[in-house]
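Read the numbers this way: they start at 1 and go in the same order the structure lists the ligands and their atoms.
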Amino acid sequence: MLTKILKEADIKRLTELVKRAERIVLTCHVRPDGDAIGSTLGFAHLFSSLGKEVKVVTPDQAPRSLTFLPGFRDVVSFTRYSDYARRLVSEADLLICCDFNTPSRLDNFASVVTDAKCPKVLIDHHVEPDAFCDVSFSFPEMSSTCELVFRIIAAMGYYPEMNVESATCLCTGLITDTQNFTVNCSDPEIYEVLMKLLAKGVDKPRIVREALKVKSLDAFRLQAYALDRKLELHSDSHLAVVTLSASELEEYRYERGDSEGIVDRPLEIKSVVACFFLREDSDCIKVSARSISDFPVNEICKKLFSGGGHVMAAGGEYKSGTLEDCRRILIEAIPSFEKQLRECYKKGN
Ligand code: 5GP
Ligand code: MN
């Protein structure tokens, strides 16, 4: 039995809202990942089977690595179909926001969501959520939003109705946010959730392969190049920095999602405690950070790159200069966190 962490009153409210709604729209953060798409589609498959009209609307396009997910092709991206997305939101009776804690994570889609007249529900595992929804399920201790969605569905009494499509999507978020149960997976209950999803017929090896491993030859070579040629080590090799410029990305015919996983790899080096990956996108320098031993990369991302996230997996966007400016800001900030870097290294060794 899973520990009861959800407030009964909130579950009752959500159940009422779902029962009353004919049209439900689910949304998630910009540059959606497995947990964002998994949680929204996981709910969508369940609500569809209950006879609801359901749409997942994302701020921008989801990565190719997730095309294997059932229902992926029906996801509406606001950047591509903004009028349609606006209409879906205006006609919805219920709006469910998954895997983000502030409207700014919706990019240009933010005002559409905040201006929506229908009730809004937040379902998320990031710290310090903004109060922009009528009902909030905010549980930073959860491994993933998908784990939280599973618990909510179970608490609503809909586990028997959960189909293999829904279970597959939810299992994907569990797998991507825990990197196939290697990080954020110390709570024994996550394996109970996994067991209950597998019982629905989920093909776990396929999810691991599609969502975490398989990539195009260009993406494979880009990653090899980044790790071989663009890796810098600082602070007694406790800090890794990888940068990729727009021209380097172009050389490898970069497509969205191709750099997924680069930021994790330097942590395989024994001395490395934290890694920052800086990528020159068309509208910003995208910062991605990972760490071990509770080194708080989210605080650094918040302070330097108006970002945030989890203690050991965070990110941000830098919009006031070049890739080199962004890199310099990070390097110049090293003295402010070097001591903590060393302490975390000692803790982990
Ligand atoms: P990733 O490196 O996979 O893009 O993001 C890892 C985590 O960092 C995400 O789950 C999210 O919590 C956080 N994150 C990434 N980018 C941003 C950002 O631009 N702003 C904020 N607030 N959080 C971010
Ligand atoms: Mn997540």
Exercise for review: For the pair S138 and S136, evaluate side-chain hydrogen bond (donor to acceptor under 3.5 Å, both in side chains) and give the outcome as yes or no after the intermediate values.
Suggested key: CA-CA 6 Å; S138 170; S136 282; over 6 Å; no
Practice item. Measure the acute angle between the ring planes of H310 and H125, then classify it against the limits of 30° and 60° as parallel, tilted or perpendicular. Key: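 Taking H125 first and then H310, their aromatic rings sit tilted (interplane angle of 30° to 60°).
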For residues [X] and [Y]: do they belong to one hydrophobic cluster (side chain heavy atoms under 4.5 Å, members Ile, Leu, Val, Met, Phe, Trp, Tyr)?
{"X": "L17", "Y": "L46", "result": "yes"}
{"X": "V149", "Y": "I190", "result": "yes"}
{"X": "V54", "Y": "V113", "result": "no"}

**Study point:** Minimum-distance protein heavy atom relative to atom 13 (C) of ligand 1
**Key:**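 Going by distance alone, atom 13 (C) of ligand 1 is nearest to G308 O, 3.4 Å.
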Exercise for review: Report the nearest protein non-hydrogen atom to atom 17 (C) of ligand 1: residue, atom name, distance rounded to 0.1 Å.
Suggested key: R105 NH1, 3.2 Å
Exercise for review: Identify which one of V135, V121, V18 satisfies the side chain to side chain contact (heavy atoms under 4.5 Å, CB included) criterion when paired with R13.
Suggested key: V135
**Study point:** Considering only N, O or S atoms of D35, the one closest to the Mn ion (ligand 2)
**Key:**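 Considering only N, O and S atoms, D35 comes nearest to the Mn ion (ligand 2) through OD2.
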Exercise for review: Check D99 and report its N/O/S atom nearest to the Mn ion (ligand 2), by atom name.
Suggested key: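 Nearest N/O/S atom: OD1.
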Go through ligand 1 atom by atom and flag the ones less than 4.0 Å from a non-hydrogen atom of [X].
{"X": "G307", "result": "20 (N), 21 (C), 22 (N)"}
{"X": "S288", "result": "1 (P), 2 (O), 4 (O)"}
{"X": "K286", "result": "15 (C), 16 (N), 17 (C), 18 (C), 19 (O)"}
{"X": "H126", "result": "10 (O), 11 (C), 12 (O)"}
{"X": "A313", "result": "7 (C), 8 (O)"}

Practice item. Salt-bridge test for R253 and D258: reply yes if a basic N is under 4.0 Å from a carboxylate O, no otherwise. Key: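 No, no charged N to carboxylate O under 4.0 Å.
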Check your understanding: Does a side-chain N-to-carboxylate-O contact under 4.0 Å join E343 and K339?
Key ->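 Salt bridge between E343 and K339, a charged N being under 4.0 Å from a carboxylate O: yes.
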Point to revise | Output field: ring centroids F47/F43 closer than 6.0 Å | key: yes
Review point. Using a heavy-atom cut-off of under 4.0 Å, does the side chain or the backbone of R31 touch ligand 1, or both, or neither?
Key: neither
Just checking: [X], one of its N/O/S atoms, less than 2.8 Å away from the Mn ion (ligand 2), yes or no?
{"X": "H125", "answer": "yes"}
{"X": "D177", "answer": "yes"}
{"X": "D124", "answer": "no"}

Check your understanding: Are any of the N or O atoms of G315 closer than 3.5 Å to those of ligand 1?
Key ->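 There is such a contact, yes.
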Review point. Heavy-atom contact under 4.0 Å between R290 and ligand 1?
Key: yes
Practice item. In sequence, state the C-alpha distance, the side-chain angles, and the governing distance for T27 and I96, and then conclude on side chain to side chain contact (heavy atoms under 4.5 Å, CB included). Key: CA-CA 6 Å; T27 190; I96 303 183; over 6 Å; no
